[in-house]
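Scroll down for the structure; my scribbles are underneath it.
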Amino acid sequence: MERMRNIGIIAHIDAGKTTLTERILYYTGRTYKLGDVDDGTTVMDWMAQEKERGITITAAATTCEWSDHRVNIIDTPGHVDFTAEVERSLRVLDGGVVVFDAVAGVEPQSETVWRQADRYGVPKICFVNKMDRVGADFYRTVDMIKQRLGAVAVPIQLPLGTENAFKGVIDIIEQSAWAFSDDLDKVPVEVAIPQDYVEITSRHRETMIERLAENDDHLMTLYLEGRTIDTSTIKEALRRATIANRLVPVLCGSALRNKGIQYILDAVISYLPSPNDVPPVVGIDPRNGKELQRSPVDGDPFSALAFKIVSDPFIGRLVYFRVYSGKVEAGAQVYNSRREQRVKIGRLLQMHANRREEVKQLEAGDIAAALGLKDTYTGDTLCNVNTPIVLETIRFPQPVLSLTIEPKSKADQDRLDDALAKLAHEDPTFTARNDDEMGQTIISGMGELHLEVIVERMLREFQVGARIGKPRVAYRETITVPVKVEGRFIKQSGGRGQYGHVWIELQPGERGSGFEFVNGIKGGTIPRQYIPSVENGIRGAMEGGVVGGYPLIDIKATLYDGSFHEVDSSDIAFKIAGAMALKDGVKRAKPIVLEPVMKMEVISPEIFMGDIIGDLNSRRSQIQSIDSSRDTKIINCLIPLAGTFGYATDLRSKSQGRANFAMEFHRYEGMPQDLTEQLVVKVGGVA
């Protein structure tokens, strides 16, 4: 267990994650030929769309060996549309290598993946990549990590030269310098630290020791007493501080030029945690609701979390899972505590991207895939039948963009339904639903690229002929003022009738708060058994708003009074009463339409700034800041999702192809009234 590392490679798109993973596999002896992202020959980017586009779309897992340690690696996507892949990977990993482009520094998606890692308490090390590129600046990137990410970033290496002159690294801890050869298979050669680097190396070493002393009592004592601090003491303190998420070691190199890869692997082994170093996983006993813990020791019963589903066209449905405690063998019967079902594990597979190696047994800390778990889904807990536990599931962002899709022929209809179901099981940020009023199937995802890839997969993998409609924004509705409203459902038709009567207070919630139901009934004015029915009625009614028929969000509903009838009251009566109260209350609570707003960063040469800003203003964007980096301008803005359609093409034409942009979902915000009225007229709603 001490010789195992579960790590993820995470970063903004095009920072060099897949290239770094490819080099790691080569230097650990897992592969014998280097692949190239641009040529579509990498091991980890195995999907046809990944090879064609030169980007990572799905997280790929692999295993390799280094310094007598086993390293399980997940290479994650960098594009915002595939953020769910990062989310579920970080949920089951023990550590992360965050890759930064030395020219661009901290980019928008870098911030997103950093926050995701922080949410799961994942310790990190940083790798400043592309040090050989024109404009590379290691020290600027470290400052951005500190300022934008709020991290205690501590360089443990310094670059020896930069841009075309980048030739090696200086190890601050060991106080040594290493030069790299352009020959892939030659080991780095130790050289003397150049005289003009001695002073800056000494200064950074002193700063590193100070940061460590602030976070480590043992080192603080040695530091205050003025005693010599040896290399092993520094490394032990750095490991403790990194695992505790108090600071982040920073290294540098160039993955494409094969420079610095061995040191990244050494740092993974030295500073990132083994499964033994992380706290025990916490769950709930489904029988009594009490909190339970599972540790990666032999005596604890089996528990694992399913984090990814893949429909393999050759062998069927694969369920990826991380084992947190105990052992499991192929063919064993386990318990899916979230679905309350006993399931049998078929074959166990150790994955190497899309290649598989069959194994007989898995132990705590292992990440692998299983066949035969047809009713197991992302976020489900697999555990020992006699000692059930429910681990915390994985939360994913809601889809923000929709398309209509319809089969080209009647024969395609069944294949379409089957493909949509399988793709929705694989990707929790992709949904498909039938709109009965419009008689259409609507698919929703995280962005244009996400849905484009989904549609391509349907055509290629499932051979579904389909026609695609134009993109549609996933609007929402909410209320702006609190109201108290009555819901009364009374029906007499001879014999037993129906009686449900409620008083509900509706209040606007914070953006992103979703729906909150509060039971404020006192004195038994409504019997307890009817309270869930009221909540269910309200939840059902929230699926369609009153302005344009969009789902309602960010509402707090407090049930505070009502009445019942000894004979005529029923669950269905109170469910209808709750729904009636919500519909009536929303009409009186000044409802508004909400639209998804994206956070966007546009990077462009200064010469094109006028046209780009003018175009952004025409798309209703709010410019937050404009930063400079040499002759390049960086525009940070908030822009409605509806204003981003076709932006990639327009930006290319306005900048002669020299500008680029990245964006991520920010939050839902209210639409201007005039645009709301236009939208309502378009969809046939009632304002």
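Bear in mind the structure is a predicted one, so any value in this text is a computation, not a measurement.
Between Arg257 and Asp132, at least one side-chain N (NZ, or NE/NH1/NH2) sits under 4.0 Å from a carboxylate O, which counts as a salt bridge. The pair Arg5-Asp94 fails the salt-bridge criterion, with no side-chain N (NZ, NE, NH1 or NH2) lying under 4.0 Å from an Asp/Glu carboxylate O. Taking 4.0 Å as the cut-off between side-chain N and carboxylate O, Asp230 and Lys235 do not count as a salt-bridged pair. Comment: Arg133 engages Asp101 in a salt bridge, judged by a side-chain N to carboxylate O separation of less than 4.0 angstrom. Between Glu426 and Arg457, at least one side-chain N (NZ, or NE/NH1/NH2) sits under 4.0 Å from a carboxylate O, which counts as a salt bridge. Ion pairing between Asp650 and Lys654 fails under the 4.0 Å rule for side-chain N and carboxylate O. By the 4.0 Å N-to-carboxylate-O rule, Arg203 lies too far from Glu206 to be salt-bridged with it.
Within the 4.5 Å cutoff, no side-chain heavy atoms of Leu638 are placed close to those of Met600. Using a 4.5 Å cut-off on side-chain heavy atoms (C-beta onward), Leu251 and Val169 make no contact. Counting heavy atoms from C-beta on, the side chains of Ile234 and Ile229 come closer than 4.5 Å. In this structure, Lys308 and Val310 have side chains that are in contact, with non-hydrogen atoms separated by less than 4.5 Å. Val103 places none of its side-chain heavy atoms less than 4.5 Å from the side chain of Asp137. Side chains of Pro188 and Tyr263 form a contact here, defined as non-hydrogen atoms less than 4.5 Å apart. Within the 4.5 Å cutoff, side-chain heavy atoms of Ile634 are placed close to those of Asn636. Residues Met351 and Thr62 form no side-chain contact, since every pair of their non-hydrogen atoms from C-beta on lies 4.5 Å or further apart.
The backbone N or O of Ala255 sits less than 3.5 Å from a side-chain atom of Arg23, completing a donor-acceptor pair. Put simply, the side chain of Asn6 never gets that close to the backbone of Leu93: no donor and acceptor are under 3.5 Å apart. Using modelled atom types, one side-chain atom of Arg239 and one backbone atom of Leu272 make a donor-acceptor pair closer than 3.5 Å. Of the possible donor and acceptor atoms, one in the side chain of His69 sits under 3.5 Å from a partner among the backbone N and O of Ser67. A donor-acceptor pair is defined here as one N or O able to donate and one able to accept, closer than 3.5 Å; no such pair exists between the side chain of Ser270 and the backbone of Ala267. Side-chain N or O atoms of Asn129 include one that pairs as donor or acceptor with a backbone N or O of Ala15 at under 3.5 Å. Between the side chain of Thr76 and the backbone N or O of Ile9, at least one donor-acceptor pair lies under 3.5 Å. Arg205 places a side-chain N or O within donor-acceptor distance of the main-chain N or O of Ile172, the cut-off being under 3.5 Å. A donor-acceptor pair under 3.5 Å links the side-chain atoms of Ser89 to the main chain of Glu85, judged by distance alone. Under the 3.5 Å distance criterion, the side-chain polar atoms of Arg667 are left unmatched by any main-chain donor or acceptor of Met598.
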inquiry  = The test is salt bridge (charged side-chain N to carboxylate O under 4.0 Å, His left out); show your working for Glu214 and Arg211 and say whether it passes.
reply    = CA-CA 5 Å; Glu214 291 170 2; Arg211 295 289 87 79; 2.8 Å; yes
request  = Would you sort out whether Asp118 and Lys124 count as a salt bridge (charged side-chain N to carboxylate O under 4.0 Å, His left out), showing the intermediate values?
outcome  = CA-CA 9 Å; Asp118 281 346; Lys124 300 168 285 290; 2.8 Å; yes
request  = For side chain to side chain contact (heavy atoms under 4.5 Å, CB included), just list the numbers for Gln262 and Val187, CA-CA rounded to whole Å, side-chain angles, deciding distance to a tenth of an Å, and then say yes or no.
outcome  = CA-CA 9 Å; Gln262 297 95 327; Val187 296; 5.6 Å; no
query = Can you check side chain to side chain contact (heavy atoms under 4.5 Å, CB included) on Leu160 and Phe166, steps first, answer last?
reply = CA-CA 6 Å; Leu160 199 55; Phe166 177 67; 5.7 Å; no
message = Could you walk me through whether Thr378 and Phe396 satisfy the side chain to side chain contact (heavy atoms under 4.5 Å, CB included) test, starting with their C-alpha distance in whole Å, then the side-chain angles of each, then the deciding distance to 0.1 Å, before giving a yes or no?
response = CA-CA 11 Å; Thr378 300; Phe396 297 99; 3.8 Å; yes
inquiry  = Assess the residue pair Asn72 and Thr63 against the criterion (side chain to side chain donor-acceptor pair (under 3.5 Å)); give the C-alpha distance rounded to whole Å, side-chain angles, the decisive distance to 0.1 Å, and a yes or no.
reply    = CA-CA 4 Å; Asn72 296 322; Thr63 301; 2.9 Å; yes
request  = Please assess Thr644 against Leu641 for the test side chain to side chain contact (heavy atoms under 4.5 Å, CB included), listing each intermediate value before the final yes or no.
outcome  = CA-CA 5 Å; Thr644 66; Leu641 178 64; 3.6 Å; yes
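Between Ile156 atom CD1 and Ile170 atom CD1 the span is 13.5 Å, to the nearest 0.5 Å. Rounding to the nearest 0.5 Å places CD of Gln175 at 7.5 Å from OG1 of Thr231. The CH2 atom of Trp66 sits 14.5 Å away from atom CZ of Arg3, with the distance rounded to the nearest 0.5 Å. Here the SG atom belonging to Cys637 is positioned 9.0 Å from the CD atom belonging to Gln622, to the nearest 0.5 angstrom. For the atom pair CG (Leu25) and CD (Glu22), the distance works out to 6.0 Å, reported to the nearest 0.5 Å. Atom CG in Leu20 sits 8.0 Å away from atom CG in Leu265 (nearest 0.5 Å).
Scored by the side-chain hydrogen bond (donor to acceptor under 3.5 Å, both in side chains) test, Glu2 finds Asn276 as partners (sequence neighbours excluded). When the side-chain hydrogen bond (donor to acceptor under 3.5 Å, both in side chains) test is applied to Thr28, no partner is found at least two apart in sequence or on another chain.
A side-chain N or O of Lys633 and one of Ser628 form a donor-acceptor pair less than 3.5 Å apart. If you check the side chains of Asp75 and Thr18, you find a donor sitting under 3.5 Å from an acceptor. Counting only N and O atoms by type, the side chains of Ser274 and Asp277 include a donor and acceptor under 3.5 Å apart.
Summarising the geometry of Lys146 relative to Ala153, their closest heavy-atom pair is CE-O, 3.3 Å, with the distance given to 0.1 Å. Among all heavy-atom pairs drawn from Arg88 and Ile309, the shortest one is NH1-N, 4.4 Å. Here the closest non-hydrogen pair linking Pro77 and Val86 is O-CG2, 3.4 Å. Pairing each heavy atom of Pro249 with each of Leu238, the nearest pair is CG-CD1, 4.1 Å.
Using a 30° and 60° split on the angle between ring planes, Trp114 and Phe100 fall in the tilted class, from 30° to 60°.
Around atom CG of Asp217, no more than 12 heavy atoms belonging to other residues, nucleotides or ligands sit under 6.0 Å away.
Taking the ring axis of Tyr26 as reference, the NZ or CZ atom of Arg30 does not stay both within 45° of it and closer than 6.0 Å to the ring centre.
Checked against the 6.0 Å centroid threshold, Tyr197 and His204 do not count as a close aromatic pair. Tyr668 has its ring centre less than 6.0 Å from the ring centre of Phe665.
Partner of Val92 under the side-chain contact (heavy atoms from CB on, under 4.5 Å) criterion, out of Phe307, Phe321, Tyr320: Phe307 alone.
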